[in-house]
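Here's the structure we're looking at; comments come further down.
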Amino acid sequence: MTHEIFMPALSSTMTEGKIVEWLKNPGDKVERGESVLVVESDKADMDVESFQDGYLAAVLMPAGSTAPVGETIGLIVENQDEIASIQEQNKDKKTEVSSDGQLELPNKKPEITEEKQKEVPKINEQEVEIKREKVLATSNEIQFNASTINNSSRLIASPRAKKLASTMGVDLAKVHGSGPHGRIQADDVLKANGQPVSIPWIGEGSSPATIGSFSVQAERKSKTLGNSFGKPGETVQFNTLQKAVNKNMESSLNVPCFRVGYSINTDKLDSFYKKVKQNGVTMTALLVKAVAKTLKKHPQVNSSFSENGISYPENINIAVAVAMEDGGLITPVLKEPCNTDLFELSREWKDLVKRSRAKQLEPDEYSTGTFTLSNLGMFGVDRFDAILPPGTGAILAIASSKPTVVANNDGSISVKKIMQVNLTADHRVIYGADGASFLKDLSSLIENEPETLVA
Amino acid sequence: MINRTSIINQPDKISFFDDVYKLQKKYQDSLISGRSNMNFIWLGEHQLCYTIGRGSNMSNLLFSADEQDVFKIDRGGEVTCHMPGQLVTYLVLDLSNFKKDLNWYLRRLEKIIIKTLRSFNIDCSTKDGFTGVWIGERKIASIGIGCKRWVTIHGFSINVNCKLENFNKIVPCGIEGCQMVNMSDYSKNIDIKEVKKIVKNIIHEEFKFNFV
């Protein structure tokens, strides 16, 4: 099993860090807690430790290079015999990275096209069509930037952008770089490929802050993809995941549920999100953190029904619903968010989403939730109500945050961003007052001190 | 549980760099391993020596390393120089008890230095992108820290009344043409013991410490 070493965030304002020195060489044994490399930002050095016993298999960014926060800079494997294959896979990457982390495109170009051609036959016809539509849609958006394509024909792209471009078959020469000096970032490549900027399109909630752009993305998606698994007149069998969801949803019919809602002002949350977004923080991580912190104060809302009585889990694990493109949904779990900082939590979430789409989640990673979040904010939904997953006591439905005319206590009127949330709970274990006071505290945390969500 | 208890050590005699480095390491290791929850602060002066960070450019050292004591240490930044007449402050702090943010920490150290100098009526400032404290284009205090599992090591040095010629053997902080300056150039008859006392009080104020 491979574990990634990321460029850590040494501060909330840091966007990239310099690798000063690798204290271990590829092939070296590393112990959990042992320093593997040193990262510098300003006049501060930070030892980056391994979270894993194993072996340093690959150094993806050499000493002296600079990498954005969250970038994978090295790989650790658990067994010695995995080293060779990882080194083989990453051989090219290492040599490509020049000392300043930039890339010369012309040499690389033929390879990209080759990969693209190889990829196409594997994909079924329907998808190819979609892809073509995407290309059409994006061709209008392509902007040429003088600073990106200059006389020296040297293109600057972040390593992640480069990697994405080659896996998605995006031609970097046609991507508009939004980074410093026209540097192409991962997000630019995703945009150019016609995908929403964040990975999932349900569950990755970006409800507040970016609602404008997200509703556009969601619309475009529905035009190109449409959400139908069969043709008119057909009856299509449920896939395994859909069957599992059906079973879970039916079991909720035996649970006496009630709902309670709250309107939350997200003005402060939005501006905090704007600040931390550049460090890779996702809205989902923010919401999960807020919910987990509030659950800590309200253990009753984290409890569930069992034959023997009210069962209080040892941990707070937040499951977040993610729709799968081929039907069904899955609920990856962020374990103990209170013990993880916001940046790490965001990385964990991105990793979970990536692996859930690739159907690589371990059962432990989608079945251990003690409380569930469902976010449809990115579609502009103003309110909805969720069905309680079995084995848990409550689920929170999060809608979009919208500018709303609000009457204040002093009689004045103002416009504030308001997000409606709706809690569905099992009345055998959670009562109206429990749910209501949970929502009151959640709302107060989000409205008044979103910056405390960092730690 | 927030722990803001700190051991403070402020010898009057001039100390060897190596001894104090070992002491800092000891406190850092025990904070990391959880053997102790004591933060550690050291205020004092060193014998003449040069230190360089792990990422330092050796060409900023304008002499051969065997002529003088040169220590390669686990901090950020380029080469610097310590000597009697320069007040060195080391802080081994568990930032988990404060804020896990190195930028915040560096800015906090700058604030401590500025407050100290202002109490001697010396007007000074920070410079964007050049960590440290400056009087115009001249540098009066340098900062360099290391950090492991959010436990810091090293800190800052303020030139009080030291022999600035020693800086001529290096490119201080890797900045070509960087001129150093003493507090005594602005405040006559300054006593390093006075400065030490004030730095201690301001650290106490800024980090809300209980000293033991």
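All of these numbers come straight from a predicted model, not from anything done at the bench. Proteins get letters first, then strands, A, B, ... in listed order; numbering begins at 1 in each.
Between B/Glu137 and B/Lys127, at least one side-chain N (NZ, or NE/NH1/NH2) sits under 4.0 Å from a carboxylate O, which counts as a salt bridge. For A/Glu49 and B/Arg149, the salt-bridge test passes: some basic side-chain N is under 4.0 Å from an acidic carboxylate O.
Comparing B/Leu102, B/Leu106, B/Ile153 by how many heavy-atom pairs each has under 4.5 Å with chain A, the most go to B/Leu102. In terms of heavy-atom pairs under 4.5 angstrom with chain A, the leader among B/Ile145, B/Asp74, B/Thr152 is B/Ile145.
For A/Lys296, the salt bridge (Lys or Arg N to Asp or Glu O under 4.0 Å) criterion is met by no residue, not counting sequence neighbours.
Without hydrogens or angle criteria, B/Asp185 side chain to B/Asn182 main chain gives a donor-acceptor distance under 3.5 Å. Without hydrogens or angle criteria, B/Lys100 side chain to B/Leu95 main chain gives no donor-acceptor distance under 3.5 Å.
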Report task. Show your reasoning for whether ring-ring contact (aromatic ring centres under 6.0 Å, His included) applies to B/Phe209 and B/Phe98. Result -> CA-CA 11 Å; B/Phe209 271 129; B/Phe98 298 91; 5.7 Å; yes

Query - Derivation of the ring-ring contact (aromatic ring centres under 6.0 Å, His included) call for A/Tyr312 and A/His298 - result: CA-CA 11 Å; A/Tyr312 296 93; A/His298 296 269; over 10 Å; no

Query raised in the report: Could you walk me through whether B/Gln10 and B/Lys196 pass the side chain to side chain contact (heavy atoms under 4.5 Å, CB included) check?
Result: CA-CA 8 Å; B/Gln10 35 187 348; B/Lys196 209 190 262 180; 4.0 Å; yes

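Residues A/Asp441 and A/Thr294 bring no donor and acceptor atom of their side chains to less than 3.5 Å of each other. There is a side-chain donor-acceptor pair under 3.5 Å between B/Asn103 and A/Thr13.
Heavy-atom distances place both the backbone and the side chain of B/Arg54 under 4.5 Å from chain A.
Among residues at least two apart or in separate chains, salt bridge (charged side-chain N to carboxylate O under 4.0 Å, His left out) pairs with a member in residues 8-29 of chain A are A/Lys24-A/Glu34.
Residues of residues 25-43 of chain B lying under 4.5 angstrom from chain A, judged on non-hydrogen atoms, do not exist here. Using non-hydrogen atoms only and a strict 4.5 Å limit, no part of residues 154-165 of chain B faces chain A.
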